[in-house]
Every structure is written in C-alpha cells, then in structure tokens.
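To keep things clear, I will list the structure first and then write my remarks on it.
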Amino acid sequence: MEKEISALKNAIKGAERVTVLTGAGISAESGVPTFRGEGGLWRNHDVMELATPYAFERDPELVWEFYNWRRDLISKLTFNPAHKALVDLERIKPSFTLISQNVDGLHLLAGSKNLLEIHGNLWKVRCTRCNEITLDLSPDMGPLPKCKTCGGLLRPHVVWFGESLDGELLNRAVDASKNCDIMLVIGTSSVVQPASSLAFQAKDGGAIVAEINLEATPNSQFMDFAFHGKAGEIVPRLLD
Ligand code: OAD
C-alpha cells in the first residue's frame, strides 16, 4: 500500500486539473450515518424509502421528522481531516472541482469553494408551491414548515430517489469529470447514477482515477488506484 500511496501522491502533485467526487463515506467519521449498511435505518424505516417524493406525498410529517432528526444530528457535527485535506488541495491547484453527493453541508463548512452539491443541501428548503429556495439553518423546522412568501408546504432542497438532478449542475459535473488530469472518488458505494458514471467519464477523458473507500465497490476494478480504508486517514496522507 505504501508504494501505491506514494505513486498516487506523485500523480496528484503533477496534476493541474483535479476533480474529486465524494459520497456519504467521507462524512462517516464526522458521525453522519451513511445510506447503505449500518446507517441505512431510522426508527426501522429504510432511509431510502423516506427519501422519495412518494413518501413525502403520503406522509410529509414523517419525512420532515426524519429530516429534522438529520438536521439536528448534523448541526452538532463538524468536518473531519478528509474534508479539510480537500480544502488544502483546492488552494494549491489551478483547476479544482469538488462534486459531492452529500447534502450535509460539511464541505462548505470546511471551506471548499468550487463545490457542486449535485444531490442538494439539507440546509436549504424549497417551497412546493412557489419553488422559492431559502437557506434555513434551524436544527428543527417543526412538523410541517411553511413558506414565508406564499404559505406553501416546504420540502428539503435535496434530490430524492426518482427525481432528476439539476441539469446545469450535472453538466458542470460531467464537464469537470471529462476534463481533469486526475479524479479522486472518495467514500461512495458507486451504485447511484449518474454520480457513479462520472469516474468513467474521467477515465475516458484520459484521467487517472483513484478510489478511496472502506470497501471495494462495483467501480474498484476500473480504477487505476483503489485504497480500502478510512477516508479520514488515507486522504490526508495522499495530500500532505
Ligand atoms: P452509501 O451509503 O451508498 O455508501 C457509502 C460508502 O462509504 C460505502 O461504500 C462505505 O463502505 C464507505 N464508507 C463508510 N465509511 C467510510 C470511511 N470512514 N471512509 C471511507 N469510506 C467509507 O453512500 P453514497 O455512495 O454517498 O442520494 O450514496 C449515494 C446516494 O445514495 C446518496 O447521495 C443518496 C443515497 O440515496 C440521494 O439522497 C439522492
């Protein structure tokens, strides 16, 4: 592993255009539950069944209870050495894009700038009637929060299963993936599209692709480097 770490470290050093894709695993050491595996249940509900437009239509109060629980939990947490290492990397690279599937806001809290939150952000809410998007940092929004402008029901400004990603954000993510010298894929199970295919776009564009994840993923075999371990330990070592 030492040899590979040092080889990837050199490749990162020589790269001008760096793109990073992150998933729930980068925030796991901060205490944010992941979606699959142990973190995937909330009061015996599969979290992926709550994160859908159908669940919200059926029982908005239950979905808001779940999101209020997540907001409260995350409001007490902070970024970890992996988030921080990416901020340091952005400072020294002429071209750097961070694409995150996470909605926890921890990359922003750490200080990342060129960030594409392709699945939205938990701290933003959107009106289901007038579509206005607002930032609201309260840990608990109450059972059925209402829009201050039109009184419509608010929902979390996150992408749920069965919904499309924001087209412009996705285009920018694809662009940053196709046009980079190196892509780091950190803490994602790589089973959710279209995020999972971004690594292939990078590889097709000639980039070196590297995965840092606790365990192997369906994409591991296509990677130039695949490190299995904790992001909070491996990422800072690659970038120090
Ligand atoms: P997952 O929960 O599917 O995967 C998290 C990955 O992180 C797993 O492969 C873990 O092995 C790995 N992991 C856990 N702890 C780690 C650590 N300390 N260091 C490194 N890796 C670690 O989360 P995502 O891949 O982000 O979408 O899931 C993708 C999307 O599916 C999410 O954005 C969400 C979800 O449904 C929406 O909500 C639209």
Side-chain angles (χ1 to χ4, degrees), residues 1 5 8 20-42 45-56 63 66-67 69-71 73-74 77-86 98-107 110 115-124 126 155-167 169-170 173 183-199 210-223 225-239:
M1 176 141 150
I5 291 230
L8 180 55
V20 180
L21 170 69
T22 63
I26 197 169
S27 295
E29 287 157 77
S30 292
V32 183
T34 57
F35 289 89
R36 291 166 187 82
E38 276 172 32
L41 280 182
W42 172 75
H45 294 281
D46 180 335
V47 301
M48 284 181 285
E49 278 168 23
L50 288 172
T52 69
Y54 322 108
F56 192 66
V63 174
F66 167 62
Y67 276 94
W69 171 79
R70 278 186 82 89
R71 289 168 78 97
L73 173 84
I74 295 166
L77 305 177
T78 192
F79 56 87
N80 67 53
H83 296 101
K84 173 72 175 53
L86 297 179
L98 175 54
I99 306 163
S100 187
Q101 298 168 84
N102 299 345
V103 300
D104 55 34
L106 293 183
H107 284 303
L115 170 66
L116 307 176
E117 291 177 311
I118 57 173
H119 289 173
N121 184 307
L122 188 75
W123 303 107
K124 289 181 184 163
R126 185 166 85 237
R155 58 163 280 177
H157 184 51
V158 301
V159 178
W160 282 329
F161 277 101
E163 296 183 321
S164 326
L165 273 61
D166 176 288
L169 272 184
L170 181 60
M183 177 184 259
L184 306 178
V185 180
I186 306 169
T188 174
S189 55
S190 289
V191 295
V192 174
Q193 293 294 355
S196 155
S197 65
L198 293 173
E211 177 182 74
I212 298 104
N213 205 58
L214 209 50
E215 58 200 354
T217 75
N219 286 2
S220 301
Q221 56 185 314
F222 306 104
M223 294 284 164
F225 295 90
F227 297 106
H228 299 137
K230 290 186 172 176
E233 288 165 15
I234 298 176
V235 180
R237 278 179 68 197
L238 290 170
L239 307 178

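Atoms within each ligand, like the ligands themselves, are counted from 1 in listed order.
Heavy-atom separations between Gly229 and ligand 1 include at least one value shorter than 4.0 Å.
Taking every heavy atom of Lys230 and a limit of under 4.0 angstrom, the matching atoms of ligand 1 come to 19 (N). In summary, the atoms of ligand 1 found under 4.0 Å from a heavy atom of Glu29, numbered by their order in the structure, are 17 (C), 18 (N), 19 (N). Of all the atoms in ligand 1, the ones that sit under 4.0 Å from a non-hydrogen atom of Gly23 are 26 (O). Within ligand 1, counting atoms from 1 as listed, the ones closer than 4.0 Å to a heavy atom of Gly187 are 5 (C), 6 (C), 7 (O), 21 (N). Taking a cut-off of under 4.0 Å to the non-hydrogen atoms of Ala28, the atoms of ligand 1 that pass are 15 (N). Residue Ala24 has at least one heavy-atom neighbour below 4.0 Å for each of these atoms of ligand 1: 23 (O), 24 (P), 26 (O). Taking a cut-off of under 4.0 Å to the non-hydrogen atoms of Val192, the atoms of ligand 1 that pass are 29 (C), 30 (C), 31 (O). Of all atoms in ligand 1, listed by their number and element, those nearer than 4.0 Å to a heavy atom of Ala231 are 17 (C), 19 (N), 20 (C).
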Dump the intermediate steps for side chain to side chain contact (heavy atoms under 4.5 Å, CB included) on Val158 and Tyr67, then the final yes or no. CA-CA 11 Å; Val158 301; Tyr67 276 94; 3.8 Å; yes
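On a distance-only criterion, Thr188 and ligand 1 share at least one N/O pair closer than 3.5 Å. Ligand 1 has an N or O atom lying under 3.5 Å from an N or O atom of Phe35, backbone or side chain. Considering backbone and side-chain atoms alike, Thr217 places every N or O at 3.5 Å or more from each N or O of ligand 1.
The protein heavy-atom contact nearest to atom 29 (C) of ligand 1 is Gln101 OE1, 3.2 Å. The shortest contact between atom 16 (C) of ligand 1 and any protein heavy atom is with Gly25 O, 3.5 Å. Closest to atom 39 (C) of ligand 1, if we only count protein heavy atoms, is Val159 O, 2.8 Å. Among all protein heavy atoms, the one lying closest to atom 28 (O) of ligand 1 is Arg36 NH1, 3.3 Å. For atom 33 (O) of ligand 1, the closest heavy atom belonging to the protein is His119 ND1, 2.8 Å.
To the nearest 0.5 Å, atom CG of residue Asn219 and atom CD of residue Gln221 are 8.5 Å apart. Atom CG of Asn121 and atom CG of Leu115 lie 8.5 Å apart (nearest 0.5 Å). Between Leu73 atom CG and Trp42 atom CH2 the span is 12.5 Å, to the nearest 0.5 Å. Rounding to the nearest 0.5 angstrom, the gap separating the CG atom in Leu198 from the OG atom in Ser190 is 9.5 Å.
Phe222 pairs by the ring-ring contact (aromatic ring centres under 6.0 Å, His included) definition with Phe200, not counting sequence neighbours.
Defined by atom type and a distance below 3.5 Å, a donor-acceptor pair is missing between the side-chain atoms of Ser27 and His107.
Scanning Met48, Glu211, Glu117, Glu215 for the heavy atom closest to atom 11 (O) of ligand 1 points to Glu215. Comparing Leu214, Val185, Val158 against atom 21 (N) of ligand 1, the shortest heavy-atom distance belongs to Leu214. One option in Thr34, Asn213, Ile234, Ile186 has a heavy atom closer to atom 12 (C) of ligand 1 than any other, and that option is Asn213.
For Arg71 against Leu122, the heavy-atom pair with the smallest separation is NH1-O, 2.7 Å.
Ring planes of His83 and Phe79: perpendicular class, angle over 60° (limits at 30 and 60°).
No side-chain heavy atom of Phe225 sits less than 4.5 Å from a side-chain heavy atom of Leu238.
Salt-bridge annotation for Glu163 and Arg155: present, with a side-chain N of the basic residue lying under 4.0 Å from a carboxylate O of the acidic one.
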Return all side-chain donor-acceptor pairs below 3.5 angstrom for residues 228-237, not counting sequence neighbours, or 'none' if the list is empty.
from: Arg237; atom 1: NH2; to: Glu2; atom 2: OE1; distance (Å): 3.1
from: Arg237; atom 1: NH2; to: Glu2; atom 2: OE2; distance (Å): 2.5

